[in-house]
Protein chains: 2
Amino acid sequence: MASIKDVAAAAGVSVATVSRVLNAHPSVSADARARVLTAVEALGYRPNAVARSLRTDQTHTLGLVISDVLNPYFTELARSVEEEARALGYSVIIGNADERPELQDHHVRNLLDRRIDGLLVSPTDGGSPLMLDAARAGTPMVFVDRWIPGVDVPVVRADGRAAVRDLVAHLYALGHRRLAIIAGPAATTTGSERVEAFRAALAEYGLSLPDVYIGQGDFQAESGRRVTEGFLDLPQPPEVVFAADNLMALGALDAVRVRGLRVPDDIALAAFDDIPWFVHTDPPITAIAQPTGELGRAAVRALVDRIEGRAAASVALSARLVVRRSCGEHLPRNRSTS
Amino acid sequence: MASIKDVAAAAGVSVATVSRVLNAHPSVSADARARVLTAVEALGYRPNAVARSLRTDQTHTLGLVISDVLNPYFTELARSVEEEARALGYSVIIGNADERPELQDHHVRNLLDRRIDGLLVSPTDGGSPLMLDAARAGTPMVFVDRWIPGVDVPVVRADGRAAVRDLVAHLYALGHRRLAIIAGPAATTTGSERVEAFRAALAEYGLSLPDVYIGQGDFQAESGRRVTEGFLDLPQPPEVVFAADNLMALGALDAVRVRGLRVPDDIALAAFDDIPWFVHTDPPITAIAQPTGELGRAAVRALVDRIEGRAAASVALSARLVVRRSCGEHLPRNRSTS
DNA sequence: GGCGTGGGTGTAATCGATTCCACGCCCCGT
DNA sequence: ACGGGGCGTGGAATCGATTACACCCACGCC
């Protein structure tokens, strides 16, 4: 593969001049520029990004470590992150932590070794020493969706409290009184916050959230199934199951179906995180939709701000309730389509 | 960030010795090794992968350019690719082409500039000059799922012909005679091959595939919707719609539902590419399942073989039919669950 | 006419690693 | 006792870029 030296030789100039042409430095004669450009063309020369990065100490690359690529929410997040990054002249390397802290660490370490310019993380746990060190060492970093309390890193997330309140209002209006939740891991902020938001909303309606109605999930489908089976085995099963993410909702739907029960007639179901598939499930699932694309874009903008020396602020966008048919219907034609 | 020089200084040895310790070179005294290791520990030193890559001309990184990350099939493929690559000591950088040739080129160029060790591609089109040049220039490359004819690059793919034949047998047994297909872009191999396999299977049953029953889609949901509407508007609509990928099947399902029709009673639906969500749709969708994970792993192994100087062969695994309820039922309890 | 100015250019240092080569030393065989 | 063969080590070249610095030359001004 041709290097800058080959181009210099072919153009009859020094490597410095070639570099200047390539980097649009003003002090180059029209003649030299033309000769360099034809040499570049003739040799099919492309600058070696590795060498450039070593010299400039910039990779123009962002690292994105997400909890689970197979979760459509994170897939969409990853996509919007890459889009915005590309628009700003950065590439993205994605690391999939699979909800496993040690895998998360593996990716963080790998990305750091590659000297990425900044790191976008949706932490799987309460924060490994590695990540805390990186943050403290000044690696530009932004948390997205989930975050680690007590670390001085901007957070870009959706605030679901209002939407959860709307959901509880909806459920209450449908006559439901015994509401249960499948929670995410307590080590994640989204795991604990959603339970708290749910509890607070229930309180507004004079309802409580007994411990037996809080199932411990791990954001994966299998745990949704397991927890739901537990709920169904209770002497007094809940009337509604609210899953703290879309995969657990899917597991719940499975568990209900395996028992030969029907949603929403026998038990209602709602989920946090709306995904395109929820329109097509049987029945379509009522969900709380995050502005996922906007979240990803805002996170990239915040990170690039930090990288390029500007101040970066935390962002909280709001989620909204999308009513479908999985909790029952009060009005004949009530369902939303989005 | 500490460099190898800092470690050398702290350990009281030369950089050469530090490098030898780090690379497990035998000729290092136990004493020197110990001093280096404590210095590494004390400084929290991590080798700079950029510098290392420049020197060794290896990045231990694979590029993966896929057609559409939002398609669960490719998401799963990407995941399995990353897993296998990690097991073999490589990282993966994913580029999402979004079915757009120019975006595909952008990613290929970017990956090449980063001097990735090898490239895994599921081409969006018939092959840009850029990609052909790269292949000709000797960049280790493997095609996965889709490929470009006439290029000397190993292909790892699923052969769906037998499964398509099984599908047609299933449909025929259910009494369906007018079968239509939503094809993918003709520029992709999967786009044209699936139509041909379908046509051949129909022929075995004495059925033909008239042009009006071949809709031109682009592997995205919206095109599935559009084509299906066209089918439904025909004087004699088909009894079955076979979508060449899962997203177009989803669009088709939508189109049917919008008309107030029901699957499978009014029209049957089947899809190429099985995904977890098909179990949960209304009705569960009969699909042809590719061994996606195995495909991704085999592709990585083939690519790494090429990179490390071994011979790499093409691989064709076989897809299989998964019968659910979207085409109707002959036996009371016929549906598979997987 | 001399000198300052600034544009165009090349030389060389530099980034952080790897690795070839040479050197010193110890040990062993003869 | 001396030569040879490792072994352990450091010096320095190298990968492919960027960029500070010096230099040359033409031009303009006084």
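Every chain is numbered from 1, with letters handed out A, B, ... down the list of sequences. The model shown is predicted, which means the values in this text are computed figures rather than measured ones.
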Salt bridge flag under 4.0 Å for residues A:Arg146 and A:Glu99: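 Answer for the salt bridge query: yes.
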
Could you pull out the protein-nucleic contacts involving nucleotides 13-16 of chain C (nitrogen or oxygen on both sides, under 3.5 Å)?
unit_1: C:dT14; atom_1: O2; unit_2: A:Arg55; atom_2: NH1; d: 2.8
unit_1: C:dG16; atom_1: N2; unit_2: B:Ala51; atom_2: O; d: 3.4

Partner residues of A:Ser128 under the side chain to side chain donor-acceptor pair (under 3.5 Å) criterion, sequence neighbours left out: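 Listed in chain order: A:Asp105.
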
Can you tell if the side chain of A:Arg114 reaches within under 4.5 Å of the side chain of B:Ser91, non-hydrogen atoms only?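 In short, these two side chains touch, coming nearer than 4.5 Å.
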
Where at least one partner belongs to residues 33-73 of chain A, residue pairs that pass ring pair (Phe, Tyr, Trp, His ring centres under 6.0 Å), sequence neighbours excluded: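 Output for this query lists A:His60-A:Tyr90.
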
Sequence neighbours excluded - ring pair (Phe, Tyr, Trp, His ring centres under 6.0 Å) pairs with any residue from residues 104-143 of chain B: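 The answer is none; no pair qualifies.
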
Closest approach of A:Arg306 and A:Gly138, non-hydrogen atoms and distance?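 Looks like NH2-O, 4.0 Å.
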
Base-pairing mate for D:dC30 - Watson-Crick or G-U, with both contacts under 3.5 Å: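 Base partner found: C:dG1.
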
Determine, stepwise, if the pair B:Glu83 / B:Arg86 fulfils side chain to side chain contact (heavy atoms under 4.5 Å, CB included). CA-CA 5 Å; B:Glu83 265 176 11; B:Arg86 179 152 35 82; 3.7 Å; yes

How would you list all residue pairs meeting salt bridge (Lys or Arg N to Asp or Glu O under 4.0 Å) that involve residues 53-70 of chain B, not counting sequence neighbours?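 Non-adjacent pairs meeting salt bridge (Lys or Arg N to Asp or Glu O under 4.0 Å): zero.
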
Between D:dT18 atom P and A:Leu22 atom CG, what is the distance in whole Å?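 Nearest whole value for this atom pair: 7 Å.
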
What nitrogen or oxygen pairs link the protein and nucleotides 6-11 of chain D at under 3.5 Å?
unit_1: D:dT9; atom_1: OP1; unit_2: B:Ser29; atom_2: OG; d: 2.7
unit_1: D:dT9; atom_1: OP2; unit_2: B:Ser29; atom_2: N; d: 2.8
unit_1: D:dT9; atom_1: OP2; unit_2: B:Ser29; atom_2: OG; d: 3.1
unit_1: D:dG10; atom_1: OP2; unit_2: B:Ser14; atom_2: N; d: 2.9
unit_1: D:dG10; atom_1: OP2; unit_2: B:Ser14; atom_2: OG; d: 3.1
unit_1: D:dG10; atom_1: OP2; unit_2: B:Thr17; atom_2: OG1; d: 2.6
unit_1: D:dG10; atom_1: N7; unit_2: B:Arg20; atom_2: NH2; d: 2.8
unit_1: D:dG10; atom_1: O6; unit_2: B:Arg20; atom_2: NH1; d: 3.3

